[in-house]
Asker: 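Handing you this structure, nothing more for now.
Residue numbering restarts at 1 for every chain, and letters A, B, ... go by the order of the sequence lines. As a basis for the values below, the full set of heavy atoms in this structure was taken, side chains included, without hydrogen atoms, waters or symmetry mates.
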Amino acid sequence: MNNPQDLQYSRSDEWVREAENGIVTLGITDYAQHELGDIVYLELPEAGERVTAGATFGVVESVKAVSDLVSPVGGIILESNGAATVDPSIVNTSPYGDGWLLRVQTDGGREELLSAADYETFRS
Amino acid sequence: MSELLRTALYETHKNLGARLVPFAGWEMPVQYAGVIAEVRAVREGCGIFDVSHMGQIVFSRNATPALNEIVSADWGTVPIARVAYGLLLNENGGVIDDVMGYRLSEDDWLVVVNASRAEIDEEHFRAHLPDGVQSITWPSQQAMIAIQGPKAARVLAPLCNFDVTQMPWRDLGTVEVCGASGFLARGGYTGCDGFEFMFAAADAPKVWNALMENGAVPCGLGARDVLRLEAGLPLYGHELREDWTPAQSGVGFAAKTEKPHFIGRDALLEKGAPQSRIRGLLMEGRAIPREGYRVLAHDGAGHNDNAIGEITSGTMSVALSQGIALAMLPVDLELGDIVDVEIRGARHAAKIVKTPFVASGKK
């Protein structure tokens, strides 16, 4: 399992990278992309829309199955990864890099987030 | 909770790193390297599937007329050493299962049935077989491996004591593969050329490993389902159901009502032409149709959201990089017509197309 130390993790297998002023980038973890298998479809909300901590914000589909994306944070979407919706396989190959999903200006509301070590324990 | 059954290849699958899932009471590999890679391996080369979980029943002692009373197709005219498709129907003409019959001799047949229907099928046969006809189910004694793809013959041939490259489609023979004797048939469920080998379970790891050494790629149930859907082939529980007649499910050719009698024949003759039937759909956009999604009449204004049908099977096609589906739809729709598939509350256009979605590569 690959869990970068500088990120935080949710129990629904998303990761959060903090920038300044409460802006975060988020995506799904290496564990999640591996469990999904080949990702072939991604539905993300657009910039300007709201996400709510603990609520579904989109859908990721493998060849065989549909999976909800649950937001670990609440706030306004600054940017949605259009490149990933066009080529969802980058979420498999680079879940923490080019396969990021949303950049969000958080304004309150967070799920409980785990450190890399605690997430690794949770998912072992 | 009863434990899942395992085929003779369970340890082999584990050693290959397969992802194992419950399926019809068995613990089966859904994928190894990944569904997309496995689908491509079959279409471009050779893939192997463990299908030992499927029900295998041998009927003997004058079985032909007895089976012909039960199965919808005309198995009486099937030559010895040939494989034939057939349907088990209920008294209403609805489909209980689709089956493959391997005619071993004048009077002996091996019938392969879906794993999920094995118990029901056995009970159905038992209830309708006359005394004297013997039926024996081979649970774990028999393994079954499907070898599929344009290179299947090349991969298999060096391991056989017989020139399988020349075997006609749907022919059957007793063949030794790596010294393991069994029934080999040319056929399959992927829309590609291929073979199916039924043999003693104890030999399964040896045969599987030899096929891999010759270039066969291990493939799981995930890839198998994408391949059969791309080939437009029906699956029980999806396109075939006890509520639907063969004609509705696109397998009317397998219900030979010219045969004087079989279970369900009278009901089929009484029913008029079906009002709905299974059609192929190709999505226009990126969204993926899935089993159970409603199909609506194409309506740009979105005023009418009454369902006209439903998706019975759907996936992202690996070959086409586009969503494909089979759906039960009104018969008055024509090829090229557009319908709307309802996906998470939004309408997504799809076109009615011919199946198979992907051209057949079989001989």
Asker: Provide the closest heavy-atom pair for Arg286(B) versus Tyr41(A) in the form atom of the first, atom of the second, distance.
Answerer: O-CD1, 3.3 Å
Asker: Can you tell me how far apart CE (Met316(B)) and NZ (Lys64(A)) are? Round to the nearest 0.5 Å.
Answerer: 13.5 Å
Asker: Under a 4.0 Å threshold between the charged nitrogen and the carboxylate oxygen, would Glu61(A) count as salt-bridged to Arg290(B)?
Answerer: yes
Asker: Among Val30(B), Val35(B), Val318(B), Asp225(B), single out the residue with the greatest number of heavy-atom pairs under 4.5 Å to chain A.
Answerer: Val35(B)
Asker: Thr85(A) versus chain B, heavy atoms under 4.5 Å apart: side chain, backbone, both or neither?
Answerer: both
Asker: Verify the neighbour count for atom CG of Asn15(B): are there more than 12 heavy atoms of other residues, nucleotides or ligands below 6.0 Å?
Answerer: yes
Asker: For Ala287(B), which atoms come within 4.5 Å of any heavy atom of chain A: side chain, backbone, both, or neither?
Answerer: both
Asker: As an exercise, state the distance from CD1 of Ile39(A) to CD1 of Ile36(B), rounded to the nearest 0.5 Å.
Answerer: 10.0 Å
